[in-house]
Participant: 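First, the structure itself, so that you have it in front of you.
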2 protein chains.
Amino acid sequence: MFKPITIKDIAQALNLSASTVSRALSDSYEINPETKKRVLAYAEQNNYKRNPIALSLKQRKSYSIGVVVCEVANSFFSQAIDGIESIAYKNGYNIIITQTHDSYDREVMNIKHLANRSVDGILISLSAETTNFDHIKKLHDAGLPIVFFDRIYDGLATHKVSSDNRNGAKMATQHLIEKGYRKIAHLANAPHLSITKERLAGYREALTENGIPIEEANITYCHHGGSNQKEVDAAVQYFLSMDEKPDSIFVASDRLSIGCLTAIKKYGDKAYMPAIAGFSNSDVLDLFSTDFSSIRQPAFEMGRVATDRLIQLIESKYPVYEHESIVLGTELIERIPGKLL
Amino acid sequence: MFKPITIKDIAQALNLSASTVSRALSDSYEINPETKKRVLAYAEQNNYKRNPIALSLKQRKSYSIGVVVCEVANSFFSQAIDGIESIAYKNGYNIIITQTHDSYDREVMNIKHLANRSVDGILISLSAETTNFDHIKKLHDAGLPIVFFDRIYDGLATHKVSSDNRNGAKMATQHLIEKGYRKIAHLANAPHLSITKERLAGYREALTENGIPIEEANITYCHHGGSNQKEVDAAVQYFLSMDEKPDSIFVASDRLSIGCLTAIKKYGDKAYMPAIAGFSNSDVLDLFSTDFSSIRQPAFEMGRVATDRLIQLIESKYPVYEHESIVLGTELIERIPGKLL
DNA sequence: TTGAAAGCGCTAACAG
DNA sequence: CTGTTAGCGCTTTCAA
C-alpha cells in the first residue's frame with residue numbers, strides 16, 4: 001500500500017546505477033545529457049518524487065520549521081501565521097504549528113517536541129507564564145536557530161521581531177485622553193512579558209505627558225494572558241469595585257480585549273460603561289460601532305520578517321553573530337460609535 | 001553544531017551493540033534488566049532522543065498528519081484545528097497545517113506537498129473552487145488515509161465529518177421568519193460545496209414549511225467563498241438593487257458573514273438595513289448587540305472526531321472498507337439587539 | 001561520464 | 001539475552 005517509486009526503481013528500469021540517477025535528478029553537470037534526459041523523462045512519467053525523509057536523514061535537515069504561539073484562534077496570531085507560511089513555503093519549508101495556550105508546561109513540551117522532530121529552526125512567541133528560559137537557551141546553545149516574534153526574550157543572542165508596542169500603547173492612551181477621559185485604567189498582560197512592559201511604558205508616557213498622575217491601583221495584570229476568563233472577570237470586577245471607577249480602560253491584547261468586553265457585558269450596567277481602547281487585530285471589530293478604538297499590529301508582516309530571518313539563520317554557512325531587533329510600526333484605528341450597525 | 005547523540009554512541013560507550021541498545025530503549029522483553037537499566041540511565045543522562053527521521057525512514061511512517069483548510073484566520077477553522085491538535089498530540093502525531101485560501105490551485109499544491117512530505121494521512125476541508133477531485137482520488141487510491149471534514153466530497157470511500165448543515169440553515173431561516181421577515185435572501189457559498197447544497201436545502205425547507213415561495217432571484221452564490229471581498233460586495237449590491245429589496249439575509253458561512261456585514265456597512269443606508277442570520281463561530285459576535293443571530297458549528301468536536309477517525313485509519317492493520325459519515329449537531333445562538341454595548 | 005560502496009540513525013530477522 | 005547483518009532512500013566520495 002502506497003509504496004512510491006524510488007531512485008532504485010528508476011535505475012533498474014533504465015539499466016543505470018542509483019548514483020547516476022541521483023546525479024541526473026539533481027542536474028549534476030558531470031552527466032551525459034542523453035542519460036539525464038532519459039532519467040528525467042522516466043521520472044516525470046512515473047511521477048517520481050524524492051523521498052524527503054531519506055533526504056533529511058542524509059542531509060541532517062528537515063526543511064520544516066516549528067512555530068510556537070499561544071493559540072491560533074486569535075486574530076493576531078492567525079494573521080502572523082499567514083505571514084510565516086507565505087515565506088516558509090516560498091523557500092521550500094513547511095511549518096509545524098504548536099499552541100501553548102499560554103501555559104509554561106505546554107511551551108516546554110512543545111519546544112522539546114519540535115526539537116525532537118528535528119525542525120531546522122523555531123519561531124517563538126512566548127507563553128504568558130514563561131519566566132524561565134532554560135528550555136530555549138539549551139537548544140539555542142546547541143545550535144538550533146531560533147527567532148522570537150511579538151513576545152520576545154531579550155536574554156538570547158538572536159533575531160527578534162516585534163511591533164512598536166510602546167508607541168502603540170501611547171497612541172491608544174492618548175486617544176482616550178483626547179476623548180476626554182481622565183481616569184484611565186490599564187488591563188495588562190502577564191507582567192514578565194516583553195510586550196507587557198513596553199505597552200505599560202507607553203501608557204505611562206501618555207499619562208505623564210498629559211499631566212495625569214499615574215496610579216498603580218489603576219493597573220491590573222492578567223498572569224495567564226486571559227487564557228482563563230476568570231482572571232479577566234476578576235480584573236474587571238476589581239475596576240468596577242473601585243470607589244472612583246475608571247472612566248475608560250486601555251487593554252493590552254487581543255485576547256484580553258475580547259475578555260474585557262465579555263466581562264463588562266456580564267458585570268457592567270447601563271449606568272456605568274467605561275470606554276475601551278486596546279490592542280487587537282480582529283477584523284470583526286470594524287463591523288461594529290462600539291466605542292472601541294484599537295491598536296493594530298502588522299501581524300502578517302511580522303510573521304514574514306521573522307520567518308525570513310529564521311531561514312537566513314538556517315541557511316547561513318557560518319555562525320551568525322550579529323542579531324537584529326526589528327520593530328515594526330503599529331496603527332491606531334479609531335472607531336466612532338453610533339454609526340450603522 | 002547541534003549533533004545529537006545516537007544509538008551508536010551509547011552502544012560504544014557501554015560496550016554493547018546498537019541493536020541491544022535499540023531493544024533496551026524500546027523496552028523489549030528479551031533483554032537483561034541489568035543492561036536495560038544501564039542503557040536507560042546512560043540515555044537519560046546524555047539526554048538521548050530517538051531520531052524521528054531515521055525512524056520514519058525505517059518504518060515508512062512519519063507520525064505527522066497533514067491538514068488542509070482554506071484559512072486559519074477564521075473562527076471555525078481555528079477552533080477545528082484546536083480539536084485536531086488535541087487528538088493528534090495525544091496520539092503522538094504532529095500536524096502540518098496548510099491553507100488553500102479557497103484556491104483550487106493551492107489546494108492541489110498543498111496536497112501534493114503533504115503527500116510528498118510523507119504525512120501518514122490527511123484531513124481535508126475542500127477549497128471553494130474545487131470541482132475536480134483527481135488530486136485527492138489519486139492519493140486515496142494509492143492508499144493514503146484521508147478524512148474529510150466540514151466541506152466534504154462524497155465520491156470517495158472514506159470517513160466524513162460534518163455538522164448538520166441542513167438543520168442549521170433551517171433553524172436560522174426559521175428564526176428570521178419568526179421574527180417577522182418574509183423576503184429572505186440567501187448569500188450562499190460556492191455552489192459545488194457540500195455545505196452549500198445542504199445549507200441551501202435547509203433554507204428552502206424552512207421557507208416551504210412556512211408557505212413562503214422560494215424565489216431563485218433571492219439566492220446569490222460566492223464562487224470563491226468570499227475570499228475576495230469584491231464578490232461579496234457584488235452580491236450585496238445586487239440585493240440592494242432589487243426592486244423589492246430583501247428584508248433579511250441568511251448567510252452561509254463565517255467568512256461570508258463578515259464579508260456581508262462589511263458590504264452592508266459600506267453600501268447600506270439608515271433607511272434600509274436588512275436583518276442577518278448565518279453560520280459563524282466567531283466569539284466576538286457575542287459581544288455586540290447586533291441583530292445577527294448565528295448558527296454555531298461544533299468546530300472543536302468536529303476536529304477531534306475527524307482526527308480520531310484518521311488515526312484509526314492510519315493505524316489499522318488491515319484495509320478499512322466501512323466508512324462513517326458523521327454528522328454533529330449545530331446550535332442557534334439568538335442575539336437580541338439593543339442590549340449593553 | 002558512470003558505478004560501487006559507504007553511511008545518515010534506526011530496527012528486525014536471524015543466529016548464536 | 002545479545003550480536004551480526006541487512007536495509008529503509010538517498011547522496012557522495014572514490015575509483016574506474
Side-chain angles (χ1 to χ4, degrees), chain A residues 1-40 42-43 46-64 92 115-120 143, chain B residues 1-40 42-43 46-64 92 115-120 142-143 317:
Chain A
M1 86 180 274
F2 201 53
K3 171 127 177 50
I5 173 177
T6 76
I7 251 181
K8 270 191 196 165
D9 300 330
I10 302 186
Q12 200 158 26
L14 265 43
N15 244 303
L16 292 168
S17 76
S19 33
T20 305
V21 174
S22 169
R23 275 185 283 244
L25 254 17
S26 48
D27 202 30
S28 165
Y29 60 99
E30 46 171 40
I31 213 96
N32 188 321
E34 199 47 49
T35 318
K36 198 181 286 186
K37 222 184 297 176
R38 277 173 61 216
V39 172
L40 257 28
Y42 188 90
N46 300 62
N47 75 101
Y48 164 82
K49 291 282 182 317
R50 253 195 182 84
N51 179 329
I53 293 191
L55 200 75
S56 293
L57 182 60
K58 186 74 193 163
Q59 305 187 163
R60 275 98 171 282
K61 176 146 196 216
S62 65
Y63 282 100
S64 63
N116 194 13
R117 278 279 161 206
S118 39
V119 293
D120 296 334
Chain B
M1 80 180 270
F2 202 53
K3 169 127 177 49
I5 173 178
T6 77
I7 252 181
K8 270 189 196 166
D9 299 330
I10 303 185
Q12 200 159 25
L14 265 43
N15 243 302
L16 291 168
S17 77
S19 36
T20 305
V21 175
S22 169
R23 276 186 283 246
L25 254 17
S26 47
D27 201 30
S28 164
Y29 61 97
E30 46 171 44
I31 213 92
N32 188 324
E34 199 47 50
T35 319
K36 198 181 284 187
K37 222 185 296 174
R38 279 173 61 218
V39 171
L40 256 28
Y42 188 91
N46 300 63
N47 75 102
Y48 165 80
K49 292 283 183 314
R50 254 196 182 82
N51 179 331
I53 292 191
L55 201 74
S56 293
L57 183 60
K58 183 74 192 163
Q59 306 188 162
R60 276 99 169 285
K61 175 144 197 218
S62 64
Y63 282 99
S64 63
N116 194 13
R117 278 279 161 207
S118 39
V119 292
D120 297 335
K317 295 258 187 297

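Proteins come first, then strands; the chains are lettered A, B, ... in the order of their sequence lines, and each starts at number 1.
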Participant: Do A/Leu57 and B/Asn51 have side chains that approach each other closer than 4.5 Å (heavy atoms only, starting at C-beta)?
Facilitator: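 Side-chain contact under 4.5 Å: yes.
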Participant: Checking all strands, does A/Leu57 fall into the base, sugar-phosphate, or nothing category for heavy-atom contacts under 4.0 angstrom?
Facilitator: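 Touches a base.
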Participant: Starting at atom OH of B/Tyr63, determine the distance to atom P of D/dC8, rounded to an integer number of angstrom.
Facilitator: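 That distance rounds to 20 Å.
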Participant: In the structure I gave you, are the side-chain heavy atoms of B/Leu14 and B/Val21 within less than 4.5 Å of one another anywhere?
Facilitator: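 Counting from C-beta outward, B/Leu14 and B/Val21 never come under 4.5 Å.
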Participant: Can you work out whether B/Ile53 or B/Thr20 has the more 5'-proximal nearest nucleotide on DNA chain C?
Facilitator: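 It is B/Ile53 whose nearest nucleotide is closer to the 5' end.
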Participant: A/Asp27 CG to D/dT11 P: how many Å, rounded?
Facilitator: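 Checked: the CG to P distance equals 13 Å.
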Participant: Looking at every non-hydrogen atom in both residues, tell me the closest pair between B/Ala24 and B/Leu40 and how far apart they are.
Facilitator: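 Shortest heavy-atom contact: O-CD1, 3.9 Å.
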Participant: Contact class for A/Ser22 vs. all strands (heavy atom < 4.0 Å): base, sugar-phosphate, or nothing?
Facilitator: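 Base: the residue A/Ser22, judged by heavy atoms under 4.0 Å, touches a nucleobase.
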Participant: Just the rounded figure in Å: distance from P of D/dG9 to CG of B/Leu55.
Facilitator: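 Atom-to-atom, B/Leu55 to D/dG9, this comes out as 15 Å.
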Participant: Considering every strand and a 4.0 Å limit on heavy-atom distances, what is the contact class for B/Pro33: base, sugar-phosphate, or nothing?
Facilitator: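 Sugar-phosphate: the residue B/Pro33, judged by heavy atoms under 4.0 Å, touches backbone atoms but no base.
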Participant: With a 4.0 Å cut-off on heavy atoms, is A/Arg23 in touch with a base, just the backbone sugar-phosphate, or nothing at all?
Facilitator: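 Base contact.
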Participant: Starting at CD of B/Gln12 and ending at P of C/dG9, how long is that distance when rounded to a whole Å?
Facilitator: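 In whole Å, C/dG9 P and B/Gln12 CD are 13 Å from each other.
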Participant: Give B/Ser56 one of three labels, base, sugar-phosphate or nothing, depending on what nucleic acid heavy atoms sit under 4.0 Å from its own.
Facilitator: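 Result for B/Ser56 = nothing.
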Participant: For A/Tyr48 and D/dT11, give me the distance from atom OH to atom P, rounded to whole Å.
Facilitator: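 In whole Å, D/dT11 P lies 6 Å from A/Tyr48 OH.
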Participant: At 4.0 Å (heavy atoms only), tell me whether A/Ile31 reaches a base, stays on the sugar-phosphate, or touches nothing.
Facilitator: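 Sugar-phosphate, no base atom in range.
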Participant: In terms of side-chain heavy atoms of B/Asn51, which of D/dC1, C/dT2, C/dG9 is nearest?
Facilitator: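 That would be C/dG9.
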Participant: Which listed nucleotide (D/dG9, C/dG9, C/dT11) is nearest to the side chain of B/Ile7?
Facilitator: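 Of all the options, the side chain of B/Ile7 is nearest to C/dT11.
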Participant: With a 4.0 Å cut-off on heavy atoms, is A/Leu16 in touch with a base, just the backbone sugar-phosphate, or nothing at all?
Facilitator: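 Counting heavy atoms under 4.0 Å across all strands, the contact made by A/Leu16 is with sugar-phosphate only.
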Participant: Nearest whole Å is fine: how far is D/dA6 P from A/Lys8 NZ?
Facilitator: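 Atom-to-atom, A/Lys8 to D/dA6, this comes out as 13 Å.
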Participant: Taking CD1 from B/Ile10 and P from C/dG9, how many angstroms apart are they, rounded to a whole number?
Facilitator: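 Distance, rounded to whole Å: 12 Å.
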Participant: Does A/Ser26 reach a base, just sugar-phosphate, or nothing at all? Heavy atoms under 4.0 Å.
Facilitator: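 No contact.
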Participant: To the nearest Å, give me how far apart CG (B/Leu14) and P (D/dG3) are.
Facilitator: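 Interatomic distance, CG of B/Leu14 to P of D/dG3: 10 Å.
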Participant: Could one point to a donor on the side chain of B/Ser19 or the base of D/dT4 with an acceptor on the other under 3.5 Å away?
Facilitator: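 Present.
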Participant: Grab the two heavy atoms, one from A/Ile53 and one from B/Ser56, that are nearest each other, plus how far apart they are.
Facilitator: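 It is CD1-CB, 3.4 Å.
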Participant: A/Val21 or B/Gln59: which one's nearest nucleotide on DNA chain C is closer to the 5' end?
Facilitator: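 Between the two, 5'-proximity favours A/Val21.
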Participant: Is the phosphate of C/dG9 approached by B/Thr6 (side-chain N or O, under 4.0 Å from OP1 or OP2)?
Facilitator: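 It does not, given that no N or O in the side chain of B/Thr6 lies less than 4.0 Å from OP1 or OP2 of C/dG9.
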Participant: Is it the case that more than 12 heavy atoms not belonging to A/Gln12 sit under 6.0 Å from its CD atom?
Facilitator: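 No, CD of A/Gln12 has 12 or fewer neighbouring heavy atoms, counting only those of other groups under 6.0 Å.
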Participant: Counting heavy atoms from C-beta on, name the nucleotide in C/dC8, C/dT2, C/dT11 closest to the side chain of B/Lys58.
Facilitator: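 The listed nucleotide nearest to B/Lys58's side chain is C/dT11.
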Participant: Is there side-chain contact between A/Ile5 and A/Tyr42, with at least one heavy-atom pair below 4.5 Å?
Facilitator: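 Yes, at least one pair of side-chain atoms sits under 4.5 Å.
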